[in-house]
Every structure is written in structure tokens, then in C-alpha cells.
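Computation of the quantities below employed the complete heavy-atom set of this structure, encompassing side-chain atoms and omitting hydrogens, waters and symmetry-equivalent molecules.
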Amino acid sequence: MATVRILLGIICLITIGSSYERNGSLLKCWAGHLYTDRIKRIAFGKRPYKKLIPIAEAELWVREETGNNDGTRVEEYQAAAGLKKGDPYCAAFISWVFKQAGYNAPRTGWSPSLFPVAKLVKAAAPGNVFGIYFPSLKRIAHCGFVASVKGDWIGTIEANTNISGSREGDGVHKRLRHKKSIYRYSEWRPKQVF
């Protein structure tokens with residue numbers, strides 16, 4: 001009897017392996033174990049959010065064409081959020097990067113809308129979106145990606161900024177900001193459930 005169970009187990013594993021590779025559908029083994037695409041992604045580390053920072057880093061060379069929120073690549077960012085040429089694009093850049101990584105959201109060119117209560121997190125982590133509050137505008141008026149965290153300093157990748165950190169910049173830049181200068185963090189990546 002034990003030999004039969006072992007034999008059935010081996011057949012089940014062979015079937016799961018070949019069927020899973022063919023169609024990726026939900027399969028049940030004779031022992032009641034469930035196998036799904038999601039479990040396979042988690043087990044093999046294929047998490048799309050790990051693409052966010054490399055995609056953003058690849059854009060560090062982008063600069064505006066005439067200094068008026070324009071240029072081929074800048075206009076691609078704007079289009080990802082439904083903006084037109086000349087519109088500020090820090091939030092549109094966030095939307096464009098998420099789109100390139102395969103996410104359906106966020107899709108906005110308005111930086112305050114990147115920080116709904118349901119998406120807020122207390123501490124910075126790579127892949128989070130950060131927002132800077134401007135008292136003169138009484139709102140978050142600049143945003144970007146958290147690329148790294150080291151003590152009180154946040155390494156960022158942000159668009160429509162410059163080397164001095166302006167919100168009216170000339171392209172995509174890497175910055176180092178003190179955590180006290182950042183007003184909010186949001187997490188748009190889906191939570192991983194194990």
C-alpha cells in the first residue's frame with residue numbers, strides 16, 4: 001500500500017510539473033496541496049515591484065527639451081497620466097514607471113492624489129512614493145520614488161526636479177533628502193501574502 005502511495009505521489013508531481021508549465025491553472029495534487037501562479041511567483045521571487053526602481057533609474061538621463069516641461073520622453077510621462085505637453089510631470093513620471101512595471105495604477109498627474117489614506121505608510125521603503133508639502137500651496141506639490149533609506153536620509157528618484165531639488169526642474173534626477181523634508185509616503189504595490 002505504501003508503495004502505491006509513493007508511486008501515485010511521483011505521478012502526481014510529474015503531472016503537476018508538466019501541466020503547470022502548459023497552462024498555469026490551479027491544480028490539485030492527490031495529497032490536497034494547491035499550486036497556483038501566485039505561489040510560483042512568490043516561490044521563485046518573480047515580484048514585479050522589484051522592477052520599479054531599475055525602471056526609474058534608467059530614466060535618470062532624461063532632460064526637458066526647452067525647459068518648459070517638454071521633450072519626447074517627458075511627453076511620454078505626461079501621456080501616461082492623461083496630461084498635455086507643458087504640464088508639470090513629477091506625478092505623471094510615477095504613473096509612467098508603474099505602467100512600465102505592469103501595474104494598472106496609479107494613473108494620475110496630480111501629486112496629492114498619490115496619497116489616499118488607504119495607501120499611506122509610516123516609514124519609507126524602496127519603491128514607496130514620497131510627497132513633499134508646500135505650505136504656500138497648502139498641499140503636496142512634489143513627489144517621487146524612494147530608492148533607498150539610510151538612517152535619516154532618503155535616496156530618491158524624481159522627475160520635474162533639478163540638482164538643487166526644485167519642483168520646477170529640468171528632468172529626472174537622483175536626490176538625497178532628509179526624512180524631515182518628506183511629508184508623506186504611500187505604497188501602491190500590492191501586498192504579498194504568503
Side-chain angles (χ1 to χ4, degrees), residues 47-116 119-121 123-150 152-190:
R47 297 180 181 144
Y49 72 82
K50 291 191 178 218
K51 296 179 186 176
L52 293 174
I53 300 307
I55 290 169
E57 282 178 335
E59 299 300 300
L60 288 171
W61 58 270
V62 172
R63 297 294 180 266
E64 295 173 8
E65 193 171 296
T66 67
N68 294 305
N69 295 342
D70 61 356
T72 304
R73 195 56 145 203
V74 171
E75 291 164 32
E76 287 179 31
Y77 306 152
Q78 293 161 330
L83 301 178
K84 62 186 185 319
K85 180 178 176 178
D87 287 338
Y89 58 95
C90 62
F93 174 71
I94 300 295
S95 296
W96 182 87
V97 170
F98 271 94
K99 182 177 181 182
Q100 299 307 305
Y103 291 99
N104 294 325
R107 289 289 182 271
T108 185
W110 181 243
S111 53
S113 66
L114 289 169
F115 302 92
K119 299 286 186 185
L120 294 180
V121 293
N128 288 158
V129 177
F130 75 88
I132 298 176
Y133 186 85
F134 284 75
S136 61
L137 299 172
K138 298 180 178 157
R139 66 175 175 86
I140 291 175
H142 185 66
C143 60
F145 279 106
V146 173
S148 62
V149 180
K150 186 162 184 164
D152 289 343
W153 294 94
I154 310 296
T156 68
I157 300 173
E158 47 197 270
N160 202 18
T161 191
N162 56 25
I163 56 172
S164 64
S166 168
R167 66 180 281 269
E168 296 294 335
D170 63 356
V172 181
H173 292 268
K174 208 172 224 185
R175 304 268 311 125
L176 190 60
R177 296 187 179 272
H178 194 277
K179 68 179 183 180
K180 288 184 180 180
S181 70
I182 297 174
Y183 183 68
R184 293 270 192 268
Y185 301 101
S186 63
E187 173 62 80
W188 283 86
R189 302 165 299 183

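- E57 and K174 make their closest contact through OE2-NZ, 3.4 Å (heavy atoms, listed as atom of the first residue, atom of the second, distance).
- Nearest heavy atom pair, residue S181 against residue R177, reads OG-CB, 3.7 Å.
- Nearest heavy atoms, L83 versus G109: CD1-CA, 3.8 Å.
- Here the side chain of E65 pairs no donor or acceptor atom with the backbone of V74 at under 3.5 angstrom.
- The environment of CD1 in I163 is sparse: at most 12 heavy-atom neighbours from other residues, nucleotides or ligands sit within 6.0 Å.
- Pairs engaging residues 52-73 under the ring pair (Phe, Tyr, Trp, His ring centres under 6.0 Å) rule: none recorded [sequence neighbours left out].
- A 4.5 Å side-chain heavy-atom check between R184 and L120 finds at least one atom pair inside the cut-off.
- The residue from N160, N162, V172 that alone fulfils the side chain to side chain contact (heavy atoms under 4.5 Å, CB included) condition with E64 is N160.
- Under the side chain to side chain donor-acceptor pair (under 3.5 Å) criterion, S113 pairs with T108, sequence neighbours left out.
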Report, one line per pair, each donor and acceptor closer than 3.5 Å where one atom sits in a side chain of residues 125-148; sequence neighbours left out.
residue: N128; atom: OD1; partner: A125; partner atom: N; Å: 2.7
residue: N128; atom: ND2; partner: E187; partner atom: OE1; Å: 2.9
residue: H142; atom: NE2; partner: E158; partner atom: OE1; Å: 2.8

Please determine whether side-chain contact (heavy atoms from CB on, under 4.5 Å) holds for the pair K119 and R189, giving the CA-CA distance in whole Å, both sets of side-chain angles, and the decisive distance to 0.1 Å.
CA-CA 9 Å; K119 299 286 186 185; R189 302 165 299 183; over 6 Å; no
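- For K179, the side chain to side chain donor-acceptor pair (under 3.5 Å) partners are D152, not counting sequence neighbours.
- Of all the heavy atoms in A101 and L52, the pair that sits closest is CB-CD2, 3.7 Å.
- Side chains of I157 and L60 form a contact here, defined as non-hydrogen atoms less than 4.5 Å apart.
- Counting only residues at least two apart or on different chains, the ring pair (Phe, Tyr, Trp, His ring centres under 6.0 Å) pairs with a member in residues 67-89 are Y77-F93, Y77-W96.
- For W188, the side chain to side chain donor-acceptor pair (under 3.5 Å) criterion is met by S186, not counting sequence neighbours.
- To the nearest 0.5 Å, atoms NZ (K99) and CZ (R107) are separated by 6.0 Å.
- Remark: the backbone N or O of K180 is paired with a side-chain donor or acceptor of H178 at under 3.5 angstrom.
- Distance check: N68 CG to T66 OG1 gives 4.0 Å after rounding to the nearest 0.5 Å.
- Remark: the backbone N or O of L176 is not paired with any side-chain donor or acceptor of T156 at under 3.5 angstrom.
- For the pair C90/T161, no side-chain contact is recorded, criterion being any heavy-atom separation below 4.5 Å from C-beta on.
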